[in-house]
Amino acid sequence: QVQLVESGGGSVQAGGSLRLSCAASIYTFKCMAWFRQAPGKERERIADIDSDGSTFYADSVKGRFTISKDNVESTLYLQMSSLKPEDTAMYYCAAGTGGVLPCRYYGMKYWGKGTLVTISS
């Protein structure tokens with residue numbers, strides 16, 4: 001049974017940093033990603049990472065967030081810096097098998113329950 005468990009969310013002031021973690025019970029996914037959903041908004045893919053290490057970032061987080069993974073610990077990370085109030089959202093870890101195209105072209109099959117990030121101005 002696949003389980004993805006996020007942690008590391010919290011409340012910080014604008015300009016601060018947070019690191020989110022996602023522990024995976026099975027770590028053989030080609031694609032892993034972070035999504036977020038703010039109240040009243042659609043879910044947004046903000047970053048993903050392929051098994052070869054290639055990454056994708058949404059324009060909204062490019063240059064501020066970094067996705068990485070620790071294959072030994074079976075953990076996905078999202079380092080978030082220069083946080084803004086508009087980064088406030090529930091953040092979700094997701095995983096999928098992908099395909100021949102970059103991960104961003106594929107949906108995700110497995111999802112965590114999310115961790116809340118709140119940024120105050």
With rounding to the nearest 0.5 Å, note down the distance linking [atom1] in [X] to [atom2] in [Y].
X	Y	atom1	atom2	answer
Cys22	Asp70	SG	CG	12.5 Å
Ile46	Tyr57	CD1	OH	10.0 Å
Ser121	Lys84	OG	NZ	14.0 Å
Glu44	Arg36	CD	CZ	4.5 Å
Met80	Leu20	CE	CG	4.0 Å
Thr115	Leu78	OG1	CG	11.0 Å

Determine whether a donor-acceptor pair (N or O, by modelled atom type, separation under 3.5 Å) exists between the side chain of [X] and the backbone of [Y].
X	Y	result
Lys69	Asp50	yes
Glu6	Lys113	yes
Tyr110	Cys93	no
Thr88	Ile119	yes
Tyr105	Val100	no
Thr75	Ser21	no

Shortest non-hydrogen contact between [X] and [Y], atoms and distance:
X	Y	result
Met108	Ala33	CE-CB, 3.6 Å
Arg45	Cys103	NH1-O, 3.3 Å
Met90	Leu116	SD-N, 3.5 Å
Arg43	Gln37	N-NE2, 3.8 Å
Phe29	Ser51	O-CB, 4.4 Å
Ala24	Met32	CB-CE, 4.4 Å

With under 30° as parallel and over 60° as perpendicular, where do the rings of Tyr92 and Trp111 fit, or are they tilted in between? perpendicular

Same apolar cluster: Phe35 and Ile67, side chain cutoff 4.5 Å: no

Residues at least two apart in sequence or cross-chain that pass salt bridge (charged side-chain N to carboxylate O under 4.0 Å, His left out) with Arg64, listed by chain then number, are Asp87

Hey, mind stepping through Leu4 and Leu76 against side-chain contact (heavy atoms from CB on, under 4.5 Å) and telling me if it holds? CA-CA 10 Å; Leu4 301 174; Leu76 181 72; over 6 Å; no

Can you check side-chain contact (heavy atoms from CB on, under 4.5 Å) on Phe65 and Leu83, steps first, answer last? CA-CA 9 Å; Phe65 291 9; Leu83 285 161; 3.8 Å; yes

